[in-house]
Protein chains: 2
Amino acid sequence: MQCERSAVTSTDHSTATPGPTATAQVHEAIKQRILDGTYRPLQFVREAAVARELAVSRTPVREALRELVSEGWLEAIPHQGARVSEWTADDAREVFELRLVLEPMAVGLAARRMDPATMTQLKDLATRMEALTEGPLGGAEHSELASLNHCFHRLLIQASGNQRLAQMLESVVRTSIIRRNFASYDREALHRSMQHHREMLTAIAADNAAWAENVMRAHLLAARELHTTIVTSPDTAR
Amino acid sequence: MQCERSAVTSTDHSTATPGPTATAQVHEAIKQRILDGTYRPLQFVREAAVARELAVSRTPVREALRELVSEGWLEAIPHQGARVSEWTADDAREVFELRLVLEPMAVGLAARRMDPATMTQLKDLATRMEALTEGPLGGAEHSELASLNHCFHRLLIQASGNQRLAQMLESVVRTSIIRRNFASYDREALHRSMQHHREMLTAIAADNAAWAENVMRAHLLAARELHTTIVTSPDTAR
DNA sequence: ACCCTTGGAATTGCATGCAATGTGAGAGAA
DNA sequence: TTCTCTCACATTGCATGCAATTCCAAGGGT
């Protein structure tokens with residue numbers, strides 16, 4: 001999921017220190033376990049247990065937990081510990097409302113500030129995804145597709161030239177992407193999705209921000225339609 | 001600056017624990033000193049010094065610093081410490097771009113989900129602000145006005161029914177509000193600002209989200225115009 | 001004069017021990 | 001049976017000591 005970001009001169013003041021410090025390692029380890037499902041929602045993450053399993057003392061574990069709480073991965077209850085945040089229908093609604101506003105904003109800004117190098121990378125990603133959709137579609141392809149799609153959106157957002165916006169979207173989408181796959185996409189939906197990507201790049205190249213923004217909205221709304229029709233049962237719409 | 005929030009059932013997973021724990025107290029104390037200007041931009045906040053001055057050990061200080069870093073107040077440099085984040089023209093641009101999108105979104109959502117009790121409070125705040133603008137305008141009035149204005153916007157955003165949106169705006173505007181006063185507003189600008197508030201409430205009462213959104217955009221753009229024209233000298237526009 | 005190296009001081013990073021707090025089980029009474 | 005009180009346990013919160021790393025300045029070499 002590293003997306004090979006190019007020339008990031010930014011002051012990455014998001015996830016503190018991805019350095020070799022014990023705290024950073026614990027931070028990543030716990031995050032991984034949340035994504036893995038090892039730590040399930042509402043389950044408490046005991047600092048003594050984590051310290052034992054990762055062979056460090058409780059101190060770096062405590063600091064990692066604090067960071068994860070501030071970033072929204074965990075919720076802290078004083079004198080009781082930190083537990084994995086729950087994911088409700090309301091959370092899904094909130095996140096979607098935000099994405100529907102922030103991602104079009106990002107591509108709109110990107111349309112005004114795009115640089116050739118980034119555009120080349122984006123086109124490359126789009127091409128690779130299109131190639132994937134034309135072959136057989138197994139689990140490996142779906143996984144690869146999800147990864148490339150994530151990189152595409154991420155790169156596009158970075159191109160907005162607004163670090164805060166990028167950070168917000170990062171922290172907002174990640175929670176909803178615990179398992180974002182394309183298994184539920186039929187060939188038509190898949191083709192349309194790829195078409196959207198290509199169209200956004202065309203709009204950006206044409207310096208037409210409004211066009212790009214609206215394609216992005218269509219892209220998100222179409223994706224939501226698929227997911228809500230699949231999940232069916234619980235009324236996710238408010 | 002407490003705004004007497006009403007019936008907040010939300011899972012406040014923002015600023016960890018405003019409880020009576022030492023960490024929370026240190027957290028608030030440092031935040032206050034940043035706002036005060038006691039800690040200036042790029043200045044390092046040494047944990048030993050803070051611990052000595054607040055009469056606690058280094059442990060709660062360390063944890064408070066970690067939280068403040070995650071929240072964007074400080075930036076951490078591994079093995080070197082945490083220092084107050086700098087505020088550049090680029091930061092101002094990023095924040096304004098975000099506010100110009102997020103605040104209209106918030107009032108738009110609020111227009112669809114407004115409840116009578118909140119509307120009453122908003123009208124009360126607007127009335128009090130209008131009353132202030134009609135009398136003499138000294139420092140005290142400006143300060144009170146800034147406080148009421150902050151509460152008005154905050155309450156409006158809460159009424160959006162999107163906790164994540166509210167949290168984002170909170171974390172985005174606070175940094176730019178280190179000194180947000182109305183001293184540079186002449187009577188005409190002040191009157192227009194109050195008119196905007198009232199008009200937004202009217203639009204919301206009329207269930208007209210688009211109207212409310214556009215008044216908010218005008219409100220923000222007008223405010224920015226005032227600040228950029230006052231500051232003059234250094235070219236703040238990139 | 002300039003650069004590289006090498007100490008030492010300051011600071012953060014981590015481990016451990018103890019105190020404070022909250023939780024849950026079990027005993028006792030209504 | 002059910003409610004309440006109590007007490008022991010588990011867990012977090014905080015303090016302190018030591019190790020690791022960085023920065024800066026002084027000294028020697030080129």
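Just so you know, these numbers use all the heavy atoms, side chains as well, and skip hydrogens, waters and symmetry mates. Order of the sequence lines sets the chain letters (A, B, ...), proteins ahead of strands, with each chain counted from 1.
Applying a 4.0 Å cut-off to non-hydrogen atoms, the residues of residues 54-65 of chain B that approach DNA chain C are B:Arg58, B:Arg62, listed by residue number.
In this model, the phosphate group of D:dT12 is approached by a side-chain N or O of A:Arg46 to a distance below 4.0 Å at OP1 or OP2. Proximity of A:Thr21 to the phosphate of C:dT12: no side-chain N or O atom is located under 4.0 Å from OP1 or OP2.
Atom CD of B:Gln25 is separated from atom P of D:dA15 by 11 Å (rounded to the nearest Å). Nucleotide C:dG22 holds its C1' atom 14 Å from the CZ atom of A:Arg83, rounded to whole Å.
With sequence neighbours left out, B:Asp91 forms a side-chain hydrogen bond (donor to acceptor under 3.5 Å, both in side chains) with A:Arg164, B:Thr88. A:Asp124 is linked by a salt bridge (Lys or Arg N to Asp or Glu O under 4.0 Å) to A:Arg128, counting only residues two or more places apart in sequence or in another chain. With sequence neighbours excluded, the residues forming a side chain to side chain contact (heavy atoms under 4.5 Å, CB included) with A:Arg62 are A:Glu47, A:Arg58, A:Arg66, B:Glu63, listed by chain and number. Scanning for side-chain hydrogen bond (donor to acceptor under 3.5 Å, both in side chains) contacts around B:Arg46 gives an empty result, with sequence neighbours left out. B:Leu100 is linked by a side chain to side chain contact (heavy atoms under 4.5 Å, CB included) to B:Phe96, B:Arg217, B:Leu220, B:Leu221, counting only residues two or more places apart in sequence or in another chain. Partners of A:Ala223 according to the side chain to side chain contact (heavy atoms under 4.5 Å, CB included) rule, which considers only residues two or more places apart in sequence or in another chain, are A:Tyr185. B:Arg52 meets the salt bridge (Lys or Arg N to Asp or Glu O under 4.0 Å) test with no other residue; sequence neighbours excluded. Among residues two or more places apart in sequence or in another chain, the side chain to side chain contact (heavy atoms under 4.5 Å, CB included) test is passed with B:Val84 by B:Ile34, B:Tyr39, B:Val45, B:Leu74. Contacts of A:Glu86 classified as side-chain hydrogen bond (donor to acceptor under 3.5 Å, both in side chains), with partners at least two apart in sequence or in another chain: none.
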Produce the list of close N/O pairs, under 3.5 Å, pairing protein atoms with atoms of nucleotides 22-25 of chain D; give distances to one decimal.
from	atom 1	to	atom 2	distance (Å)
D:dC23	OP1	B:Gln80	OE1	3.3

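The aromatic rings of B:His197 and B:His153 sit perpendicular, their planes meeting at an angle over 60°, well past the 30° parallel limit.
Two end axes, each from the C1' atoms of five base pairs, can be drawn for the helix from C:dA1-D:dT30 to C:dA30-D:dT1; they diverge by 20°, to 10 degrees.
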